[in-house]
Amino acid sequence: MTNIRMICSIAFRAVRANKMRSILTSLGIIIGVAAVIVMLAVGNGASISIKNDMKTMGSNLIIVRSGVATSSGMRGGYGSQPTMKKADGDAIQKRIPAIKLAAPVLEETAQIVYGNANWSTGVTGTDNRNFLIKEWNIDYGRMFSDADIKNAGKVAILGQTVVKELFGDVDPLGKTIRIKGFPFKVIGALERRGQSTNGHDQDDVVFIPITTAQKKVMGIKFPDQVKLIMLQAVDSQSTYTAQEDIRLLLRQRHNLGANKDDDFVIRNLTQMMEMMESSTRVMTILLGSIASISLLVGGIGIMNIMLVSVTERTREIGIRMAIGAKSWDIRWQFLTEALVLSLIGGIAGVVIGLIGVELVACFSSLTPQVSLLYVMLPFSFAGLVGLFFGFYPAYKASLLNPINALRYE
């Protein structure tokens, strides 16, 4: 224990004796550790944002849209061919065991009016299954009743942005708003969701019963028409196995022959989210690896300085050996000095890295997330770098001949 304490004391004295050189030597380690922490925090924040977005959209989600319409050689976008019906979603939920819920959706932008206030927002015709899929709860008021859906009731549920813009601090429950000239009674307001990662305000929306949207508001061309059907599978794996079952069922319901293309499009959002998460992880690893190069450069700097230190202190090494120091004592002394330099750089790098994370959060739209693992990983790696690059100078010092070392000028 005494020997270890003495080696550490000598190592710290050697570092303090050349403060400026020690700081410059540790600079590569400082930059490397700070860069790795910032890069990992940014990547982790992006991954968490994607997961949060996935939760707000709904878990185990599949979306079926109408197909692409073609007229005079001009092709419209997805949904331009009105082929999907609410009954298709009901059939999918009933006949495919892997599907837990199926919610019909009609969407349109409209001007909403209350008194002297008005607001342009998205109007979504749907039913309560949509809220269950998205795990979106009512903040106050109620959801649609069976009578609202069956009788095409003129009732509306508002997002928090619409509540703020139309009503301010006034309680909206029971108030009447007008959508495309039709009066709607406000029966509820949803919990606040905030923005998605692409900047979309999820609270800027009004929900009305799907039957009301079909019959009174959105002027659909065909009975029971919907823009898309939102499906929730029983688990994430079922989203993959259910896709072909959904395709076969819809082809049968739409009377599509063997030579006809699908008149609908199936999108597995779970798969898309997993791909985005995978890409984010790969990018995080890549950025962290690039930043780690600074640690290796810093390690090379430590090795160079330690070699210089061995040369400068050759006579000191000879004296220590002459009074009984073993080769391992010399080796541990220089290894400890290299480790001290790298750990000092590591501590400073952690502090600068955490400050850098806060600056990124303050001055950009990114939301970096720091975890203990992402701090300890580069710090530990800095220590290993110090030991690795300090080994050769320490080994070289331990092989010096005491007599030659004492004669060294």
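Taking OG1 of Thr241 as the start and CD of Gln243 as the end, the distance is 9.0 Å to the nearest 0.5 Å. Atom CG of residue Asp146 and atom CG of residue Asn128 lie 8.0 Å apart, to the nearest 0.5 angstrom. Annotation: the span from Leu250 atom CG to Asn255 atom CG amounts to 12.0 Å, rounded to 0.5 Å. Going from atom OG of Ser238 over to atom CG of Leu231 covers 12.5 Å, rounded to the nearest 0.5 Å. Annotation: the span from Lys227 atom NZ to Glu107 atom CD amounts to 5.0 Å, rounded to 0.5 Å. The structure places CD1 of Ile187 at 15.0 Å from NZ of Lys154, a figure rounded to the nearest 0.5 Å.
For the pair Gln214 and Asp224, the minimum side-chain heavy-atom distance is below 4.5 Å. Looking at heavy atoms from C-beta onward, Ile208 lies in side-chain contact with Val123 at the 4.5 angstrom threshold. Inter-residue side-chain proximity for Leu158 and Phe167 is flagged as met; some heavy-atom pair is nearer than 4.5 Å. Side chains of Ile177 and Val113 form no contact here, defined as non-hydrogen atoms less than 4.5 Å apart. Phe379 has its side chain out of reach of Ser342: every pair of non-hydrogen atoms, C-beta onward, lies at least 4.5 Å apart. No side-chain heavy atom of Val64 sits under 4.5 Å from any side-chain heavy atom of Leu228. You'll find the side chain of Ile138 reaches within 4.5 Å of the side chain of Leu190, heavy atoms only. Within the 4.5 Å cutoff, no side-chain heavy atoms of Arg178 are placed close to those of Ile112.
With hydrogens and angles disregarded, a donor-acceptor distance shorter than 3.5 Å links the side chain of Thr211 to the backbone of Ile149. Checked by atom type and distance alone, the side chain of Lys216 pairs as donor or acceptor with a backbone atom of Ala152 at under 3.5 Å. In this structure, the side chain of Asn151 does not engage the main chain of Gly153 through any donor-acceptor pair within 3.5 Å.
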Query raised in the report: Should Leu173 and Tyr140 be marked as a side chain to side chain contact (heavy atoms under 4.5 Å, CB included) after you check the CA-CA gap, both sets of side-chain angles, and the distance that decides it?
Result: CA-CA 8 Å; Leu173 288 183; Tyr140 51 88; 3.8 Å; yes
Practice prompt. Go through the steps for Ile246 and Ile99 under the test side chain to side chain contact (heavy atoms under 4.5 Å, CB included), then give the verdict.
Written response: CA-CA 9 Å; Ile246 295 169; Ile99 298 301; 4.1 Å; yes
Start with the C-alpha distance between Leu256 and Asp263, add both sets of side-chain angles, then the distance that settles side chain to side chain contact (heavy atoms under 4.5 Å, CB included), and finish with yes or no.
CA-CA 8 Å; Leu256 297 176; Asp263 60 0; 3.7 Å; yes
Requested in this report: Show the numbers, then the answer: is there a side chain to side chain contact (heavy atoms under 4.5 Å, CB included) between Leu249 and Arg95?
Outcome: CA-CA 9 Å; Leu249 177 59; Arg95 296 174 59 179; 3.4 Å; yes
- [ ] Step by step, work out the salt bridge (charged side-chain N to carboxylate O under 4.0 Å, His left out) result for Asp139 and Arg192.
- [x] CA-CA 8 Å; Asp139 188 24; Arg192 185 176 299 279; over 6 Å; no
key: Stepwise side chain to side chain donor-acceptor pair (under 3.5 Å) test for Thr161 and Asp201   = CA-CA 8 Å; Thr161 297; Asp201 184 0; 2.7 Å; yes
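Gln93 and Arg129 form a side-chain donor-acceptor contact under 3.5 Å, judged by distance and modelled atom types alone. Judged by distance alone, the side chains of Asn60 and Gln232 never bring a donor and an acceptor atom under 3.5 Å apart. The closest side-chain donor-acceptor pair between Asp204 and Trp119 falls under 3.5 angstrom.
For the pair Ala41 and Val357, the tightest heavy-atom approach, listed with the atom from each and the gap, is CB-CG2, 3.8 Å. Ala102 and Pro104 make their closest contact through O-CD, 3.9 Å (heavy atoms, listed as atom of the first residue, atom of the second, distance). Pairing each heavy atom of Asn130 with each of Ala103, the nearest pair is N-CB, 3.5 Å. Residues Val163 and Pro172 share a closest heavy-atom pair of CG1-CG, 4.1 Å. Contact detail for Val38 and Gly353: the closest heavy-atom pair is CG2-O, 3.6 Å. The shortest heavy-atom contact between Pro378 and Val36 is CB-CG1, 3.7 Å.
Residue Pro209 is tested with Val155, Ile157, Asp127 for a side chain to side chain contact (heavy atoms under 4.5 Å, CB included); the sole match is Val155. Checking each of Lys94, Arg253, Arg65 against Asp88 for a salt bridge (Lys or Arg N to Asp or Glu O under 4.0 Å) leaves exactly one that passes, namely Arg253.
Between His254 and Phe264, the ring planes are perpendicular. Angles over 60° get that label, and only those under 30° would be called parallel.
Counting heavy-atom neighbours within 6.0 Å of Lys180 NZ, excluding the residue itself, gives a total above 12.
Between Phe131 and Phe207, the distance separating the two ring centers is shorter than 6.0 angstrom.
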